[in-house]
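First the structure, in the form of structure tokens, and then the observations on it.
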Amino acid sequence: MASLKDIKRRIGSVEKTQQITSAMRMVAAAKLRRAQDAIIAARPYAQKMFATLGEIGRRQKEADHPLLQEHAQARTLEVVVVTSDRGLCGAFNSNAIKRAEREIAQRGPAFGQVVLSTAGRKARDYFQRRREIVQSFEGGAGTAAAAEMAEHLAGRYESGEIDGALVIYNEFVSALTQRPRADVLLPLSAEREIAESAEAAEAAAPAESESGGGAAPYEIEPSARGLLAVLVPQALEFAIYRALLENQAGEHAARMAAMESATRNTEELIRNLTLQFNRVRQAAITRELVEIVSGAEAL
């Protein structure tokens, strides 16, 4: 049986751990709030961008862009796996990695080769021991990281090194739910993005009904091709930026939930250790009383 000193030392250690987990929970909650605000602020811009891109694609049939065109042969698929840099967030990273493995197994037969890129240390550490990594991105969920990833994928797609690109990340659903998701980045499809956004689809519907599906109700200067040359790379970059934001918010939510659970566990452990401490102390007191009584009777 552990001594009183050992139990007391362990109670102190658990209390310090409780302070750490409680502090991490509060920090994650504050970061989650900022990440949610960033996602909400980005949605209107994304809806307008893809609505405009879809409108041009529907009405300007002669307008094209290399990132919008499917390659004749599907030979190489690049999968970008987005995870966090740190742990202590439950099954958040392992869920994304499992989804990546499943997507590779399902989509691999349609392509001759599947290559990997990672964004986040957890994905890099996992896959570098199992598969060859083409590129490892760092920099968090900022616009600079999204621009770097978009430039990398666009260059490889236009040069024919890859024939498709897929991003795996955890979508932020709520503070208690993060859902692993796989989005096709290349070839870029404005119609697909609009279909995923009901608000953008409703916003595009009146324009179609008023114009009757004929000529666009506006003029494009200098040309639709020139506008697509600017808009399509930005759309790809923003699609990646959105995935990074969703993953970042999901990470903070998962860490907040994990630290809250850990804090509750430490409270229960402290109660059990306190009860054990009291029992050991009571047993020691009883033993001393028995020794005193026994000694008195012997005298």
| field | Closest approach of Gly142 to Leu244 (non-hydrogen atoms, all atoms of both residues) | value | O-CD1, 4.3 Å
| task | Verify side chain to side chain contact (heavy atoms under 4.5 Å, CB included) between Ile240 and Val80, making sure each step is shown before the conclusion. | result | CA-CA 10 Å; Ile240 297 173; Val80 182; over 6 Å; no
| message | Taking the basic N atoms (NZ, or NE/NH1/NH2) and the acidic carboxylate oxygens, is any pair closer than 4.0 Å for Arg179 and Glu171? | response | yes
| task | Go through the steps to decide whether Glu251 and Arg255 satisfy the test salt bridge (charged side-chain N to carboxylate O under 4.0 Å, His left out), and finish with yes or no. | result | CA-CA 6 Å; Glu251 175 192 352; Arg255 182 169 290 112; 3.0 Å; yes
| query | Is Thr177 reaching over with its side chain to a backbone N or O of Ser174, donor-acceptor style, under 3.5 angstrom? | reply | no
| request: Taking all non-hydrogen atoms of both residues into account, name the closest pair between Thr118 and Phe127 and its distance. | output: CG2-CD1, 4.4 Å
| said: If you apply the rule side chain to side chain contact (heavy atoms under 4.5 Å, CB included), what do you find for Gln19 with Ser22, and how did you get there? | reply: CA-CA 5 Å; Gln19 293 176 358; Ser22 179; 5.9 Å; no
| field | CD-OG1 distance between Glu268 and Thr263, expressed to the nearest 0.5 angstrom | value | 13.0 Å
| Hey, mind stepping through Asp125 and Lys122 against salt bridge (charged side-chain N to carboxylate O under 4.0 Å, His left out) and telling me if it holds? | CA-CA 5 Å; Asp125 295 344; Lys122 292 301 179 180; 5.6 Å; no
| request: Give the minimum heavy-atom separation between Asp6 and Ser3, together with the two atoms involved. | output: OD2-OG, 3.0 Å
| said: Tell me if the CZ atom of Arg99 is crowded by more than 12 foreign heavy atoms within 6.0 Å. | reply: yes
| task | Test side chain to side chain contact (heavy atoms under 4.5 Å, CB included) on Tyr157 and His71 and set out the steps. | result | CA-CA 9 Å; Tyr157 189 81; His71 291 178; 3.5 Å; yes
| message | Would you say Val27 ends up clustered with Phe92 if hydrophobic residues are merged whenever their side chains have heavy atoms under 4.5 Å apart, either directly or through other cluster members? | response | no
| field | Euclidean distance, Met26 CE relative to Glu260 CD, rounded to 0.5 Å | value | 12.0 Å
| query | In the single-linkage hydrophobic clustering (I, L, V, M, F, W, Y; side-chain heavy atoms under 4.5 Å), do Val173 and Tyr169 co-cluster? | reply | no
| request: Any chance you could measure Asn265, atom CG, to Thr21, atom OG1, to the nearest 0.5 Å? | output: 9.0 Å
| task | Side-chain contact test, heavy atoms from C-beta onward, threshold under 4.5 Å: evaluate it for Glu148 versus Glu138 and give yes or no. | result | no
| field | Shortest non-hydrogen contact from Ala182 toward Ile168 | value | CB-CD1, 3.4 Å
| request: Would you indicate whether Glu161, at its atom CD, is surrounded by more than 12 heavy atoms from other residues, nucleotides or ligands within a distance under 6.0 Å? | output: yes
| query | Any idea which heavy atoms bring Ala150 and Leu236 closest together, and the distance? | reply | O-CD2, 3.8 Å
| note | For Ile20, the other hydrophobic cluster members (4.5 Å side-chain criterion, sorted by chain and number) are Met24, Leu88, Met259
| request: Calculate, to the nearest 0.5 Å, the distance between atoms CG and CG belonging to Leu166 and Leu153 respectively. | output: 10.5 Å
| message | Tell me whether Asp183 contacts the main-chain N or O of Val167 through its side chain, where contact means a donor paired with an acceptor under 3.5 Å. | response | no
| field | From CD (Gln234) to CG (Leu228), nearest 0.5 Å | value | 11.5 Å
| Got a second to check how far Thr76's OG1 is from Arg156's CZ, nearest 0.5 Å? | 8.0 Å
| task | Output yes when a side-chain donor or acceptor of Asn95 lies under 3.5 Å from a complementary backbone atom of Asn170, and no otherwise. | result | no
| For atom CD of Glu132, is the number of surrounding heavy atoms from other residues, nucleotides or ligands below 6.0 Å larger than 12? | no
| Should the heavy atoms of other residues, nucleotides or ligands under 6.0 Å from CD of Gln128 be counted, would the total exceed 12? | yes
| Cationic tip of Arg107 within the cone over Phe111's six-membered ring, i.e. under 6.0 Å and within 45° of the normal? | no
| query | Does the side chain of Lys98 reach to within under 4.5 Å of the side chain of Pro180, using non-hydrogen atoms? | reply | no
| Within the distance-only criterion (no hydrogens, no angle test), does the side chain of Thr17 pair as donor or acceptor with the backbone N or O of Ser13 below 3.5 angstrom? | yes
| query | Can you check whether Ala258's main-chain N or O pairs, donor with acceptor, with Ser261's side chain at less than 3.5 Å? | reply | no
| said: Quick one, Phe172 and Gln36 - any side-chain contact, counting heavy atoms below 4.5 Å? | reply: yes
| query | Run the side chain to side chain contact (heavy atoms under 4.5 Å, CB included) check on Glu246 and Ile39 step by step: do they pass? | reply | CA-CA 7 Å; Glu246 294 276 359; Ile39 293 174; 4.1 Å; yes
| message | Check whether Thr83 reaches the backbone of Ala123 with its side chain - one donor and one acceptor, N or O, closer than 3.5 Å. | response | yes
| Minimum heavy-atom distance Leu53-Ala235, with the two atoms named | CD2-CB, 4.0 Å
| Pairs touching residues 277-297 that satisfy side chain to side chain donor-acceptor pair (under 3.5 Å), sequence neighbours left out | Asn278-Arg281
